[in-house]
There are 2 protein chains.
Amino acid sequence: MTGPTLLERLRERGWRVTSQRRAVAEALAGEHVHLTADEVHRRARDVLPEVSLATVYNTLNELVAMGEVAEVRHTPGPSRYDPNLGAGPHHHLLCTTCGTLFDVDPAAVATPTLSGDDRRQFRVDAVDVLFRGTCAACAAG
Amino acid sequence: MTGPTLLERLRERGWRVTSQRRAVAEALAGEHVHLTADEVHRRARDVLPEVSLATVYNTLNELVAMGEVAEVRHTPGPSRYDPNLGAGPHHHLLCTTCGTLFDVDPAAVATPTLSGDDRRQFRVDAVDVLFRGTCAACAAG
DNA sequence: GTATATGCAAAGCATTTGCATTAAA
DNA sequence: TTTAATGCAAATGCTTTGCATATAC
């Protein structure tokens with residue numbers, strides 16, 4: 001079940017594996033999802049103090065272009081980066097009170113499909129679902 | 001079926017109805033959906049040449065806060081404003097080739113629901129679905 | 001050795017804000 | 001008359017870019 005790591009896949013695609021890119025990949029691999037570019041930068045700097053924010057942005061953009069990472073703009077402010085691809089569709093819960101963005105257990109959502117005319121006029125490659133509401137912590141007060 | 005107009009609803013909520021706000025409301029009421037703030041500004045200026053971009057932003061933000069208009073950030077670049085609320089959930093199709101954002105016939109999508117643990121831990125207020133793919137024009141071209 | 005990635009600093013957009021002026025109520 | 005909205009211009013925040021240097025291959 002465990003395929004090649006992110007860095008292995010990137011090497012196969014002809015990437016030069018630099019210490020900076022390794023640091024960014026490690027920052028994303030942690031248990032924290034939905035990091036901003038700035039948060040990735042901070043984490044990468046813990047490992048490699050001289051990595052620049054520009055390089056973090058460049059690397060994140062390349063990962064997004066390759067489909068390894070999703071850029072998510074559901075929240076106000078900066079984009080967030082979601083490395084949880086490969087595990088099928090990645091839906092989200094946004095708590096409109098505290099602003100936290102949660103991952104949804106994919107088994108908990110029946111991915112919607114298009115029907116009617118729209119189905120014939122559009123070829124769908126991916127579906128993104130965002131549930132807006134209130135998380136347990138905020139509901140509890 | 002035809003309820004009060006946008007401006008009437010705003011007046012009911014204590015808005016001062018200025019010529020600028022009227023111009024913004026008219027710009028949004030046109031048949032073009034998903035305008036950027038800049039596009040709203042251009043259209044509003046056709047009617048009221050001295051309206052400023054800052055006022056357009058202020059007005060759009062107020063309309064979003066009131067739930068009259070949805071701010072949509074599915075595309076790269078600036079936010080787009082979708083006045084098609086009140087007609088229930090408003091799902092979208094994004095053509096990843098040409099970048100156009102289309103509205104979806106609400107009848108063509110079964111709005112997804114949460115099940116399992118997530119249902120118990122999160123109170124859902126709204127659901128947003130984005131289909132990514134290729135539109136008919138791009139598929140043909 | 002050569003092509004590519006990096007860091008830095010500057011530029012680019014999109015959006016917000018402060019404040020004096022204007023206008024709705 | 002009072003309170004809120006406006007326009008302007010400056011500030012902010014996020015992201016990208018140009019270019020000289022460093023480094024993976």
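So that the names make sense, note that chain A is the first sequence line, chain B the second, and so on, each numbered from 1. Owing to the predicted nature of the structure, the values given are computational and were not obtained by experimental measurement.
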Does B/R45 CZ have over 12 foreign heavy atoms under 6.0 Å away? yes
Here the distance between atom P of D/dA5 and atom CG of B/L60, to the nearest Å, is 15 Å
Are B/R13 and B/E68 within salt-bridge range, i.e. N to O under 4.0 Å?
yes
To the nearest angstrom, the CG-C1' distance between B/L10 and D/dA5 comes to 14 Å
Item to complete: Could you check if a side-chain atom of A/V24 sits within less than 4.5 angstrom of a side-chain atom of A/V40, using non-hydrogen atoms only?
Response: yes
Margin query: Please evaluate residues A/T59 and A/R21 with respect to the criterion side-chain hydrogen bond (donor to acceptor under 3.5 Å, both in side chains), reporting the C-alpha separation (whole Å), side-chain torsions for both, the decisive distance (0.1 Å), and the verdict.
Written below: CA-CA 7 Å; A/T59 304; A/R21 286 172 168 178; 4.5 Å; no
Side-chain ion pair, A/R123 and A/D125, N-O less than 4.0 Å
yes
5' to 3', nucleotides 10-25 of chain C under a 4.0 Å protein heavy-atom cut-off (B base, S sugar-phosphate only, - none) gives ----SSBB-----BBS
note: A/L7, atom CG; D/dC25, atom P; distance rounded to Å ~ 11 Å
task: For D/dA5, take OP1 and OP2 only and decide whether either is under 4.0 Å from a side-chain N or O of B/T55.
output: no
Residues in residues 42-50 of chain B with a heavy atom under 4.0 Å of DNA chain D, by number, are B/E50
Open item on the list: Less than 3.5 Å apart, any donor N or O on the side chain of B/D82 or B/H92 sitting next to an acceptor on the other?
Closed with: yes
**Message:** Closer than 3.5 angstrom, by distance alone: can the side chain of A/T96 be matched with the main-chain N or O of A/G133 as a donor-acceptor pair?
**Reply:** yes
With sequence neighbours left out, the residues meeting side-chain hydrogen bond (donor to acceptor under 3.5 Å, both in side chains) with B/T55 are B/S52
Contacts of B/V124 meeting side-chain contact (heavy atoms from CB on, under 4.5 Å) (sequence neighbours excluded), chain-then-number -> A/F131, B/L114, B/F122, B/V127
Side-chain N or O of A/Q20 less than 4.0 angstrom from OP1 or OP2 on D/dA24?
-> no
Task: B/R9, CZ: over 12 other non-hydrogen atoms inside 6.0 angstrom - done: yes
Bend of the helix from C/dG1-D/dC25 to C/dA25-D/dT1 from end-axis comparison, five pairs per end, nearest 10°, comes to 40°
With sequence neighbours left out, the residues meeting side-chain contact (heavy atoms from CB on, under 4.5 Å) with A/D46 are none
